[in-house]
Amino acid sequence: MVIKANGYAVWELLQREFDRRFKATGHQNMYFPLLIPQSFLHREAEHVEGFSPELAVVTLAGGKQLDEPYVIRPTSETIIGHFFAKWIKSWRDLPVLVNQWANIIRWELRTRMFLRTTEFLWQEGHTAHSNHDEAVEEVRRMLDTYAEVAEEVMAVPVVKGVKTQSEKFAGALESYCIEAMMQNGFALQAGTSHDLGQNFGKAFDVRFQNKEGQLDFVWQTSWGVSTRLIGGLIMSHSDDRGLVLPPKLAPTKAVMVPIYGRDGGKDRILEAAHRIAREVGAKVDDREGQTPGAKFFHWERRGVPVVLEFGPRDLASGSIVLKRRDTGGKQPMAQAELAEKLPALLGEMQKNIFDAAKQRLTSNTVLANSIGEVESILKDVTAEKGGGKFVMAHVKDDPRCDLRVKELKATIRCIPLVDEYDGPGKCIVTGEPVDRRALIAKAY
RNA sequence: CGGGGAGUGGCUCAGCCUGGUAGAGCACCUGGUUCGGGACCAGGGGGUCGGAGGUUCAAAUCCUCUCUCCCCGACCA
């Protein structure tokens, strides 16, 4: 995977937002090995079953066949479990709250730019606790953190929920997730937070002595978001003219395009442009040999929130023309007001972009009361043609139901934590009672 | 792994059927004129046509093998 400069700058801004929140909640960054002894994966039965098909394995190193192959990490629960066992002896050692920023490999058969790549960058949080309640609290806290960054920073509204048992992380008790809706109505799992119970504690013998002096296995959690979020960001906001970045994730918030005119006032224009740009923190596009029109298109396509036009007429009148990326609207304003108005405008744009996405999510979420209804709603939906919906239906968390929904090329994305609909009902597959509607959608 | 499609200057592609001097647009370089939504003129640089083998006087073009990439399905953050 290659991420070029503009995309990587967005990733860095996202990283900063997450990292700050992780540290504020007591987590510390660490680093663990890229190569994991293959046998580690086999210690947890569901884990190895889930990940085996997509492992890249190193069998040769230093010119020799290895006695035991290494796998390139697809996720790090196992190797971290191995080290937790060495480090944790007492209840006083708990909780352990670590995070790792790393790259991982999952050998996908079918990749899609940013959304599903063989290699991706992510963060994986791994924590160990002395009891289940505290672990669950951690799982929920980090899910809330993900939802907060998605909504407030990325301007992407999400549904928080629990995965079905079929869809949960391999080796977890429960997997919580946030699901976002792309512009084609497809769902994108934007972040996951897992309650691992004592599964990995038992598999890696991570034991501690509790206050009563007895040995017990730790309760673990893990949670992650990846560079997939960049794909989600693009697919949530962009339009036919290119990328639309919410201001909080725009590496460049404003670009000024100077226009020189025919009267040889170029030097004065440039001088004033740089002065004004400095005051408001904008970048001046003073490249030679490009017309203003070409520059407007250039920055528009890259999603820069605000483009400022500054030409001879503005120089004469003390004004400047501002164009916002989200609505495409142009407005003239006094140069003196710009520094003051720009931050407020960026804030308004951030909100506007979120509101538009929220509106889309709401209007494309529908109820269905039979499997036939779900089928007819999702029948002709494809990633390319769009038309996808979040279909809310009563479905039991039962592998049979997951299989039935899969026949429609859709999945049960999650059972929402908050029931915004009509409470209990009968499962549309089995007829059994369930306490709320679940979210069914086609997904990336 | 099944089914489709494509490999020709940096990019997008034409040329292939019917073998005969490798092309276009964009991008790039030089000079000039321009500049309020993808500028124009003039000049210029750059390609062993994915690879190997074969047929032929002659292969981007025909034949055989092979590699890679993209799209569609089954598996998935």
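Every chain is numbered from 1 and lettered A, B, ... according to where its sequence line falls, protein lines coming before strand lines.
Note on Arg324(A) versus Glu348(A): salt bridge recorded, some NZ/NE/NH1/NH2 to OD/OE distance being below 4.0 Å. Between Arg141(A) and Glu138(A) there is a salt bridge, since at least one side-chain N of the basic residue sits less than 4.0 Å from a carboxylate O of the acidic one.
Both the sub-6.0 Å distance and the 45° axial angle are not jointly satisfied by Lys442(A) relative to the ring of Phe186(A). A cation-pi arrangement is not found for Arg301(A) relative to Phe297(A), the charged atom failing to lie both closer than 6.0 Å to the ring centre and inside a 45° cone about the ring normal.
One can place CE of Met182(A) at 13 Å from C1' of rA77(B), the figure rounded to the nearest angstrom. Between the P atom of rG73(B) and the NZ atom of Lys409(A) lies a distance of 6 Å, rounded to the nearest Å. In this structure, Asp285(A) atom CG and rG37(B) atom P are separated by 15 Å, rounded to whole Å. Distance His47(A) NE2 to rA77(B) P: 13 Å, rounded to the nearest Å. Rounded to an integer number of Å, the gap from CZ of Arg73(A) to P of rA77(B) is 18 Å. The interatomic distance linking Arg112(A) (CZ) with rC69(B) (P) rounds to 18 Å, in whole Å. Whole-Å rounding puts the Phe120(A) CZ to rA77(B) C1' distance at 5 Å. The interatomic distance linking Lys4(A) (NZ) with rC11(B) (C1') rounds to 11 Å, in whole Å.
Nearest to the side chain of Arg313(A), among rG36(B), rC72(B), rA77(B), sits rG36(B). Among rG37(B), rA77(B), rG36(B), the nucleotide with an atom closest to any side-chain atom of Phe297(A) is rG37(B). Closest approach to the Ala294(A) side chain among rG37(B), rG73(B), rG38(B) is made by rG38(B) (side chain taken as heavy atoms from C-beta onward). The Lys323(A) side chain lies nearest to rG37(B) when the options are rA77(B), rC72(B), rG37(B). Distance from the side chain of Phe296(A) is smallest to rG37(B) among rC75(B), rG38(B), rG37(B).
Glu309(A) comes within 4.0 angstrom of a base, heavy atoms only. Using a 4.0 Å heavy-atom distance criterion, Lys295(A) is classed as making no nucleic acid contact. Among the protein residues, Val321(A) comes within range of the nucleic acid bases, having at least one heavy atom under 4.0 Å from a base atom. Base engagement by Arg301(A) is indicated by at least one non-hydrogen atom pair under 4.0 Å involving a base atom. Note on Lys406(A): only backbone sugar-phosphate atoms sit closer than 4.0 angstrom, heavy atoms only; bases stay farther off. Residue Gly224(A) is out of contact with every strand shown, counting any heavy-atom pair closer than 4.0 Å. In this structure, Thr227(A) reaches neither bases nor backbone, as no heavy-atom distance under 4.0 Å exists between it and the strands shown. No engagement by Ile104(A) is indicated, since no non-hydrogen atom pair under 4.0 Å with the nucleic acid exists. Using a 4.0 Å heavy-atom distance criterion, Tyr444(A) is classed as making no nucleic acid contact.
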Enumerate the protein-to-nucleotides 33-35 of chain B contacts in which both atoms are nitrogen or oxygen and the separation is below 3.5 Å.
| unit_1 | atom_1 | unit_2 | atom_2 | d |
| --- | --- | --- | --- | --- |
| rC35(B) | OP1 | Arg262(A) | NH2 | 3.2 |
| rC35(B) | O2' | Tyr260(A) | N | 3.4 |

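Only the P atoms considered, rA22(B) is 25 Å distant from rA6(B), to the nearest whole Å. The separation of rA24(B) from rG47(B), taken at their P atoms, amounts to 15 Å, rounded to a whole angstrom.
Residues Phe204(A) and Ile80(A) are not in side-chain contact: their nearest non-hydrogen atoms beyond the backbone lie 4.5 Å or more apart.
Looking at Arg413(A) and Thr411(A), their side chains do bring a donor and an acceptor atom within 3.5 Å of each other.
Here the two rings, on Phe169(A) and Phe51(A), have centers that are under 6.0 Å apart. A centroid separation of less than 6.0 Å is found between the aromatic rings of His132(A) and Trp219(A).
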